[in-house]
There are 4 protein chains.
Amino acid sequence: MSTELPSNPVTSRLGSGTRAFRTVRQLAEAAVEVFEESGFHLAQVGDIAERAGVSRATFYNYFASKEELLRYLVLEAFPALLATRETTDETPWQRVRSSTDAYLRAYEQHATLMHVWSEAAARNDEMAGLLRDMRGPFLARTERSIRRLQEQGLASSALDATYAAHALTGMVSNFAYTWFVEGVAYERDRAVETLTTLWACSLGIEKEPDDLP
Amino acid sequence: MSTELPSNPVTSRLGSGTRAFRTVRQLAEAAVEVFEESGFHLAQVGDIAERAGVSRATFYNYFASKEELLRYLVLEAFPALLATRETTDETPWQRVRSSTDAYLRAYEQHATLMHVWSEAAARNDEMAGLLRDMRGPFLARTERSIRRLQEQGLASSALDATYAAHALTGMVSNFAYTWFVEGVAYERDRAVETLTTLWACSLGIEKEPDDLP
Amino acid sequence: MSTELPSNPVTSRLGSGTRAFRTVRQLAEAAVEVFEESGFHLAQVGDIAERAGVSRATFYNYFASKEELLRYLVLEAFPALLATRETTDETPWQRVRSSTDAYLRAYEQHATLMHVWSEAAARNDEMAGLLRDMRGPFLARTERSIRRLQEQGLASSALDATYAAHALTGMVSNFAYTWFVEGVAYERDRAVETLTTLWACSLGIEKEPDDLP
Amino acid sequence: MSTELPSNPVTSRLGSGTRAFRTVRQLAEAAVEVFEESGFHLAQVGDIAERAGVSRATFYNYFASKEELLRYLVLEAFPALLATRETTDETPWQRVRSSTDAYLRAYEQHATLMHVWSEAAARNDEMAGLLRDMRGPFLARTERSIRRLQEQGLASSALDATYAAHALTGMVSNFAYTWFVEGVAYERDRAVETLTTLWACSLGIEKEPDDLP
DNA sequence: GATGAATGAGATTTCATTCAT
DNA sequence: AATGAATGAAATCTCATTCAT
């Protein structure tokens with residue numbers, strides 16, 4: 001999995017006070033709105049440009065295509081999606097809870113983008129690659145964490161760490177999808193507690209007194 | 001959740017020996033192939049017709065649109081996807097394993113359709129509704145099963161049964177998606193065992209001697 | 001102008017009790033209905049066949065095309081449209097009135113056909129020719145009648161008989177069109193009286209006591 | 001009858017020197033030619049675009065459909081068709097003659113449009129409405145004029161002014177149709193004199209010395 | 001830097017017509 | 001005599017993209 005992310009092709013060249021910069025921002029924001037309403041394949045360049053208050057031709061001054069615009073949005077959101085604060089003074093249970101919570105919040109923040117991204121990834125190798133690039137660190141971290149727990153005797157050693165990491169991250173991301181994209185109404189606290197409990201118990205992590213609730 | 005599914009608009013009118021019936025079958029099979037290669041939005045009626053060995057016009061003799069064809073495929077696959085054999089002489093753990101296995105096999109059988117279906121559902125209310133109709137029984141069954149285990153003291157009563165049912169079915173279906181649609185290579189046995197273990201342990205179900213491996 | 005009308009290509013070959021004869025009748029009647037609703041150009045062979053209760057393919061067993069069907073209808077109606085009863089014991093004024101009345105009644109009887117016919121004639125030479133063939137006798141008769149009145153000193157000799165015949169027959173047919181095709185509501189008596197008066201007075205025919213009203 | 005005509009949707013937005021304006025003009029002119037050759041229903045957008053020297057897509061930049069283009073042409077021609085110069089120092093006979101002449105000239109100028117218009121009106125309510133809107137003023141004016149003559153004792157009071165107005169305007173427009181659309185060859189002077197004489201005499205208007213032809 | 005205008009290349013859909021049964 | 005089935009050949013309309021200003 002590549003850790004070298006291509007730097008953003010557009011904004012990196014642009015001073016933040018320029019007119020061009022503003023135009024790009026408008027297009028990016030318009031795109032998120034249009035993608036939310038129509039999805040990636042059905043979104044039209046014309047709609048995005050119109051919503052941004054510029055002409056279609058202007059769109060092409062900045063992005064070679066709809067795909068390129070999505071690429072821009074994805075690369076822009078990448079750091080925020082990957083960000084994690086590692087706190088060392090947490091119990092295993094707390095660590096599961098805080099990373100679940102962080103993931104759900106990041107997903108919520110970028111729900112539309114996540115949706116469109118996975119839509120595009122289904123038929124576009126580069127987008128699929130970027131998605132892998134993003135999932136990768138999560139999976140790797142989860143897998144490492146499972147192995148550590150197994151070594152410490154805190155998690156059942158019968159589990160295949162790799163498969164379990166895939167399954168559990170999938171559980172959370174799938175839950176986030178139905179919640180933030182499909183719009184099923186969940187309560188945050190209950191959602192976080194349920195996912196945390198399932199995750200932790202499935203690995204055999206025991207709840208300590210401090211973990212309440 | 002509705003259990004009355006509309007009967008299929010095409011085949012129900014057609015004797016199975018007629019030429020028309022054969023044409024519909026060819027179109028349906030061709031559609032699955034084309035959908036697999038191009039996805040729903042990018043698939044073209046022309047490609048489907050060509051692959052089926054008929055003219056575009058013939059397509060429209062049977063289906064009013066691409067959407068209608070998908071609807072046909074979905075309704076046709078519905079019974080197979082919903083089918084379950086309830087065996088009563090299983091331990092809880094075995095029951096988790098066999099339903100996981102059955103789900104994965106059904107998903108594999110209809111992987112392309114599941115993919116296209118979810119793609120279309122993202123922007124089509126009827127398809128989304130059908131997807132809910134299909135998920136519904138699974139969710140309800142899972143929820144009931146969790147409650148029963150809780151009542152019997154076999155599963156942790158701290159869990160919210162509804163949320164847990166969503167999370168766990170999502171875990172399995174998401175795993176199936178990456179496996180059969182995204183094409184990540186998993187070994188069947190290991191996948192089934194891992195998912196079963198995670199599911200069972202997360203609920204606090206204990207493995208009995210018979211449940212090996 | 002040709003007086004030899006081609007004999008009808010279909011019914012002439014058909015015994016009136018046969019199934020084929022009935023099918024042709026159904027198609028002809030259905031066609032009039034469909035033409036009335038959609039006009040000639042927008043009427044579809046499929047609609048006509050469906051309304052007749054037969055398949056599209058059956059249509060082509062009897063008519064080579066939509067045009068041919070219209071030709072059939074026109075030729076069938078021809079005799080009725082041309083029919084006139086010449087009564088010799090009428091005053092000139094009465095003769096104008098009775099031919100006006102007869103024309104209006106014939107037009108009403110065949111309003112849809114007249115409409116479709118003129119629609120088709122605008123872009124089809126054969127139909128245009130048939131329309132001329134039908135108008136011809138009227139024009140000729142009118143022209144002769146004007147000349148006779150002029151010779152007898154009953155009509156102004158300043159008028160060009162040919163032009164006047166065209167104008168006056170056009171007046172009546174145009175009135176019939178707005179009445180029976182466009183659906184403007186007229187009272188029959190008033191319509192006949194007005195048209196008769198205009199026609200007669202324009203030629204200088206004087207009303208005699210018997211002509212009341 | 002509405003006198004508020006919707007202002008033209010296209011040209012009103014366009015400066016007369018712009019390229020777009022020129023394109024619209026080319027399309028409008030091409031349309032008249034194509035309509036003349038093929039009629040409205042058979043005319044194809046592709047032919048119009050080709051004749052105008054632009055692509056089909058360009059057509060749709062300006063008109064949403066063939067119907068909309070016709071609407072444009074009709075609204076554009078409206079003022080010219082309604083224009084009348086009222087001269088007060090004419091005898092009744094002269095007034096009939098000059099308005100007949102004016103009508104025929106306007107019809108000739110826009111013969112193709114009149115033809116297509118009536119073709120479309122037969123199956124399109126908006127076009128039919130516009131046609132009524134255009135006929136309305138003529139009919140009203142004619143009717144008023146007949147009543148005035150009746151009050152002055154110059155025209156037979158036995159006539160129904162409304163019916164007579166319909167019949168006489170129909171006579172002239174029908175004559176114009178056969179002349180300019182069907183292509184029957186008439187001499188202008190003789191046509192105008194005949195129509196004028198018929199119209200005037202039918203109402204009982206007497207020719208004065210000045211009226212010689 | 002922005003955009004008005006134009007368009008190539010299709011996509012969907014329609015329908016008159018034919019063919020084999 | 002009738003028709004189920006298939007289709008060729010368009011017709012309409014769309015949209016991403018380019019060009020010239």
**Q** Going by side-chain contact (heavy atoms from CB on, under 4.5 Å), name the residues that satisfy it together with B:Thr112, two or more places apart in sequence or in a different chain.
**A** B:Val32, B:Phe35, B:Glu36, B:Val116
**Q** Round to the nearest Å and state the distance from D:Phe40 atom CZ to F:dA11 atom C1'.
**A** 14 Å
**Q** Would you tell me if any nitrogen or oxygen in the side chain of D:Tyr62 comes within less than 4.0 Å of OP1 or OP2 on E:dA5?
**A** no
**Q** Using five base pairs at each end to define the local axes, how bent is the helix from E:dA2-F:dT21 to E:dT21-F:dA2, to the nearest 10°?
**A**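 Here the helix ends are tilted 20° relative to one another.
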**Q** Only counting residues at least two apart or in another chain, list the ones meeting side-chain contact (heavy atoms from CB on, under 4.5 Å) with A:Ala120.
**A**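 Once residues adjacent in sequence are excluded, the partners of A:Ala120 under the side-chain contact (heavy atoms from CB on, under 4.5 Å) criterion are A:Phe40, A:Leu70, A:Met127.
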**Q** Just how far, in rounded Å, is P of F:dC13 from CD1 of D:Ile48?
**A** 11 Å
**Q** Starting from C1' on F:dA16, measure out to CG on A:Leu70 and report it in whole angstrom.
**A** 16 Å
**Q** Under a 4.5 Å cut-off applied to non-hydrogen side-chain atoms, are A:Arg19 and A:Arg22 in contact?
**A**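 They are in contact (side-chain heavy atoms under 4.5 Å apart), so the answer is yes.
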**Q** Under the rule for side-chain contact (heavy atoms from CB on, under 4.5 Å), what residues qualify as partners of A:Ser118, not counting sequence neighbours?
**A**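 For A:Ser118, the residues satisfying side-chain contact (heavy atoms from CB on, under 4.5 Å) (neighbours in sequence not counted) are A:His115, A:Leu131.
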**Q** Check the distance between F:dG4's C1' and C:Glu50's CD and give it to me in whole angstrom.
**A**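 Taking CD of C:Glu50 and C1' of F:dG4, I get 15 Å after rounding.
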**Q** With sequence neighbours excluded, tell me which residues meet side-chain contact (heavy atoms from CB on, under 4.5 Å) with A:Ala77.
**A** A:Leu81, A:His110, A:Leu113
**Q** Could you tell me which residues satisfy ring pair (Phe, Tyr, Trp, His ring centres under 6.0 Å) with C:His41, sequence neighbours excluded, listed by chain and number?
**A**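 Checked C:His41 against ring pair (Phe, Tyr, Trp, His ring centres under 6.0 Å); matches are D:His41.
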**Q** Could you pull out all residues at least two apart from D:Glu29 that satisfy side chain to side chain donor-acceptor pair (under 3.5 Å)?
**A**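 Side chain to side chain donor-acceptor pair (under 3.5 Å) list for D:Glu29, sorted by chain: empty.
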**Q** From the set F:dA5, F:dT3, E:dG1, return the single nucleotide nearest to any side-chain atom of C:Val54.
**A** F:dT3
**Q** Test of understanding: with side chain to side chain donor-acceptor pair (under 3.5 Å), list the residues that count as partners of C:Ser55, not counting sequence neighbours.
**A** C:Thr58
**Q** Let me have the donor-acceptor pairs involving side chains of residues 42-51 of chain D, under 3.5 Å, with sequence neighbours excluded, atom names and distances please.
**A**
residue : atom : partner : partner atom : Å
D:Arg51 : NH1  : D:Glu33 : OE1          : 3.0
D:Arg51 : NH1  : D:Glu37 : OE2          : 3.2
D:Arg51 : NH2  : D:Glu37 : OE1          : 3.0

**Q** Which nucleotides of nucleotides 15-21 of chain E have their base under 4.0 Å from a protein heavy atom (B), which only their sugar-phosphate (S), and which neither (-), written as one string 5' to 3'?
**A** BBBBB--
**Q** Tell me which nucleotide among F:dA2, F:dT7, E:dT7 gets nearest to the side chain of D:Ser55.
**A** E:dT7
**Q** Are C:Glu76 and C:Arg25 within salt-bridge range, i.e. N to O under 4.0 Å?
**A** yes
**Q** Where along residues 26-38 of chain D does a heavy atom fall under 4.0 Å from DNA chain E?
**A** none
**Q** Taking the minimum atom-to-atom distance to the side chain of D:Thr23, which one of F:dA6, E:dA6, E:dT3 wins?
**A**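 The answer is E:dA6, which lies nearest to the side chain.
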**Q** In whole angstroms, how far is the C1' atom of E:dA5 from the CZ atom of D:Arg25?
**A**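 Spelled out: CZ on D:Arg25 to C1' on E:dA5 is 18 Å.
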**Q** Can you find a heavy atom in the side chain of B:Leu69 that is under 4.5 Å from one in the side chain of B:Tyr62?
**A** no
